[in-house]
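One structure is given here, and the rest of the page talks about it.
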Amino acid sequence: MVGIFSPSLSTDWLVPGRNLFLTIHVLGVACFIYIVAQRLVPLLRAESDPRFDHPLTRLRNVLKFWLGQWKHPRYKFAGTLHILIFTGFILLATRAFTVLIVGVSPNFVMPGLSGRTGPIYDIITDYAATVVFLCMVVAIVRRLVFKPARYAVPAKYGKSHTADAVFLLGLIAVLMLADSLFAASNAAGHALQGESVEALAVLSLPWMLKMAIDSMPLAMLWGINVGAYLLHAIAFYFLLCYRPFGIQFHVETSLFSVYFAKLERGTLKPVRWGVPDERLDQVKSFGVKKFEDFTWKHMLDFYSCADCGRCADNCPANAAGRPLAPRFLTIKTRDYAFKHYPVLGRPKEGEPLIGSIYSEDEIWSCTTCGACEEECPLLVEYIDKIVDLRRGMIDDGNVPQSLQKPLKALESRGNPYGKMEKKKADWAKAAEFQQTCSVKILERTNGSDKGADALYFVDSITSYDDRMQSIARSTSRILTHIGENFGILGAAEKDSGHEVRRFGEEMLFMALRDHNTEAIKESGVERIVTADPHAYNALKHDYKDVPPVEHISQVIAREVKAGNIQFDAVQNKSNVYTYHDPCYLGRHNQVYDDPRNVLDAIPGLKRVEMKRSRDRSFCCGGGGLMLFYEPKEEQRMGVLRVRMAAEAGANVIVTACPFCMVNIEDAIKVAGLEGKMSAIDLTELVDQCIARESIPEKQETVMVGG
Ligand code: SF4
Ligand code: SF4
């Protein structure tokens, strides 16, 4: 690409090539810097977000998720296409800059590419340009002819994005074509002048173009060479400066989004970073009400979304026809940011988001299941943003009617049903149950004479719901069977507050958390067990200074492995079981194998997997106080889930969460599958199948107080 045959030595429109191209470069770079600086304006006005810790973990994330494109193969065809394009871009970056500089400095060689490495790099990049060009053609055909459903834009979210996507894909194809034509005309020109030329990669785009122009006279080749250079430079800078106006901005921002991505699953951002709980009452406004209330990282997310639609494709709220699709939450906010922080003109601050770009129902529709975040290849976050928007609505007194009663009950009674505290342990007092097991109610120990080693944290739904009390009894019998010295808090236990917090009621959550933390500490226990993944997630991530917590499935799996739990054969061998991963056990806490290992240890139990399982599990619809609030939807999430189980050939759905149980049992009825399909909690199944003769020495459990 060097020598006398160089665009820098041309004269175009009476202007020396070197001057013309230098002007294009300076203008292009200046425009890009100006546009990006304007895009940074809202981020500088945003709420703080401390994402500068753990640099090594963050770098590992960049290597895995950005450079390694880790999540892309989850969608095989589109993922492969993206990996090819991304790899091509990375390889071609040096070549693109070399080509640009050659326009002003004809003998420029990129450091490290002189000598033998230069020709090798040229061969590799000839192929890279070819592959990227072909990928663009395939992507355009896919967009225009095959039209994958996840790219569709329903009318309520605006107009189709296809034209913009095709335009950008076409522009990249033109860039590859110009790059290849420049290389081809260079090689052909040098050869015609009898100079030694580097070989072009056989069957690559530059090689084919060279074959096509080889016989042309030198003047024509020279014209093609300068024209290809000009086209390349214009396409390059146009793309560079156009990208910050739409989805292609992710090319620049995604690396930073991935680097600054949230590191801990299952956690929620505090109301305000840097403001401790005890000073929260001094915060004037909670949550996100206007765009500027988002943190800078959340704004960066809006810029980084590639509009691939994977989040919405996996969102159960979207599948059920609720007015929420995470992809459009981002796109709408990005459009808002572009409109209110224009590249030319003054920013317009302060417009409320609810009622302008978001509807209330849209924000209440989320079950905080995490499927969107699990799927997003760029690690865009949703739950924290949605909870922040809810905090803003709650702060304005904007609480859905159906939730006002349970919230009041949580405040006054510590549970959403408004039941008496003294009835909390009634499930443990049933005469039939007491013949099989007795449960301690832990009294205050004041740090001495602890009543038990482990606390079974039952939580509201399992304590008060007649059907779910069976989970509490099975859990207690299992703990007794393995010889655990455990007890419950009884009336002293309030709701864990997990759903309350995700609903946006931070102050109420804090009151519940502080009460429970004190009661747990006073009980003197060393560990906590729960059969409720929501309580598990709260105790593990939302509470501080409490003993370590395990979900009962983890305890059972360990005891099965150690030989302390053995099973009789499953009662009905013709049953086909499938395991439904609860979101707060699976996706948020990565407990996928323990429940499956337990099921597989039961002799004669036939188990099949649903198409959507493990980290792609489909939410039953129970999270985020959804048991008390049902947004408008076309069909129930639980019904969709039950149908998935039927499609997998199962007739028994095993789950490990009382919220899932409520929704799935209800959905079985709604789907008309009563009698054909049933649901059971893992603890209930284990309790049924446990080989009682293998009982280790039975512990002495005494009912104290109550
Ligand atoms: S958390 Fe779940 S329900 Fe909420 S937006 Fe994401 S996928 Fe949809
Ligand atoms: S948020 Fe992530 S998954 Fe959703 S459309 Fe954007 S890039 Fe794709």
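All ligand and atom numbering here is 1-based and tracks the order in the structure. Heavy-atom basis, side chains included; hydrogens, waters and symmetry copies ignored.
- For atom 2 (Fe) of ligand 1, the closest non-hydrogen atom of the protein is Cys369 SG, 2.4 Å.
- For Tyr259 and Trp66, the distance between ring centers is not under 6.0 angstrom.
- The only option from Leu379, Asp384, Val380, Ile383 that meets the side chain to side chain contact (heavy atoms under 4.5 Å, CB included) definition with Glu373 turns out to be Ile383.
- Taking 2.8 Å as the criterion, Cys619 does not count as a coordinating residue of atom 2 (Fe) of ligand 1, since none of its N, O or S atoms falls below it.
- The closest protein non-hydrogen atom to atom 5 (S) of ligand 2 is Gly309 N, 3.2 Å.
- Under the 4.0 Å criterion applied to side-chain N and carboxylate O atoms, Arg501 and Glu506 are assigned as salt-bridge partners.
- Residue Cys372 approaches ligand 1 through these ligand atoms, each under 4.0 Å from one of its heavy atoms: 1 (S), 5 (S), 6 (Fe), 7 (S).
- By the 4.0 Å N-to-carboxylate-O rule, Lys297 lies close enough to Asp301 to be salt-bridged with it.
- Atom 8 (Fe) of ligand 1 has as its closest protein heavy atom Cys315 SG, 2.3 Å.
- Scanning the protein heavy atoms around atom 3 (S) of ligand 1, the nearest turns out to be Thr367 N, 3.5 Å.
- Of the heavy atoms in Tyr382, only side-chain atoms (C-beta onward) come closer than 4.0 Å to ligand 2.
- Taking 4.5 Å as the limit, every side-chain heavy atom of Ser617 sits out of range of all side-chain heavy atoms of Arg612.
- The closest side-chain heavy-atom distance from Thr368 to Tyr584 is below 4.5 Å.
- At a heavy-atom cutoff of 4.0 Å, ligand 2 is contacted by no atom of Asp301, backbone or side chain.
- Ion pairing of Asp388 with Arg391 is present here, as a side-chain N (NZ or NE/NH1/NH2) and a carboxylate O approach within less than 4.0 Å.
- Considering only heavy atoms from C-beta on, Met637 comes within 4.5 Å of Arg322 through its side chain.
- Every atom of ligand 2 with a heavy atom of Cys311 under 4.0 Å away is listed here by number and element: 1 (S), 3 (S), 4 (Fe), 5 (S).
- A heavy-atom separation below 4.0 Å is not found between Thr330 and ligand 2.
- For the residue pair His298 / Asp49, no side-chain donor-acceptor distance below 3.5 Å is found, with atom types taken as modelled.
- Nearest to atom 4 (Fe) of ligand 1 by heavy atom, out of Cys366, Ala371, Cys376, is Cys366.
- Proximity to Leu324 (heavy-atom distance under 4.0 Å) selects the following atoms of ligand 1: 5 (S).
- Within the 2.8 Å limit, Cys308 places at least one N, O or S atom next to atom 8 (Fe) of ligand 2.
- Nearest protein neighbour of atom 7 (S) of ligand 2, counting heavy atoms only, is Ala306 N, 3.3 Å.
- Heavy-atom contacts of Pro316 reach the following atoms of ligand 1: 2 (Fe), 7 (S) (cutoff under 4.0 Å).
- Here the protein heavy atom with the shortest distance to atom 6 (Fe) of ligand 2 is Cys305 SG, 2.3 Å.
- Side chains of Asp361 and Tyr629: a donor on one and an acceptor on the other come within 3.5 Å.
- At a heavy-atom cutoff of 4.0 Å, ligand 1 is contacted by the backbone of Thr368 but not by its side chain.
- Residue contact check: Asp307 has heavy atoms under 4.0 Å from atoms 5 (S), 6 (Fe) of ligand 2.
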Derivation of the salt bridge (charged side-chain N to carboxylate O under 4.0 Å, His left out) call for Glu381 and Lys269: CA-CA 11 Å; Glu381 294 153 27; Lys269 84 172 261 297; over 6 Å; no
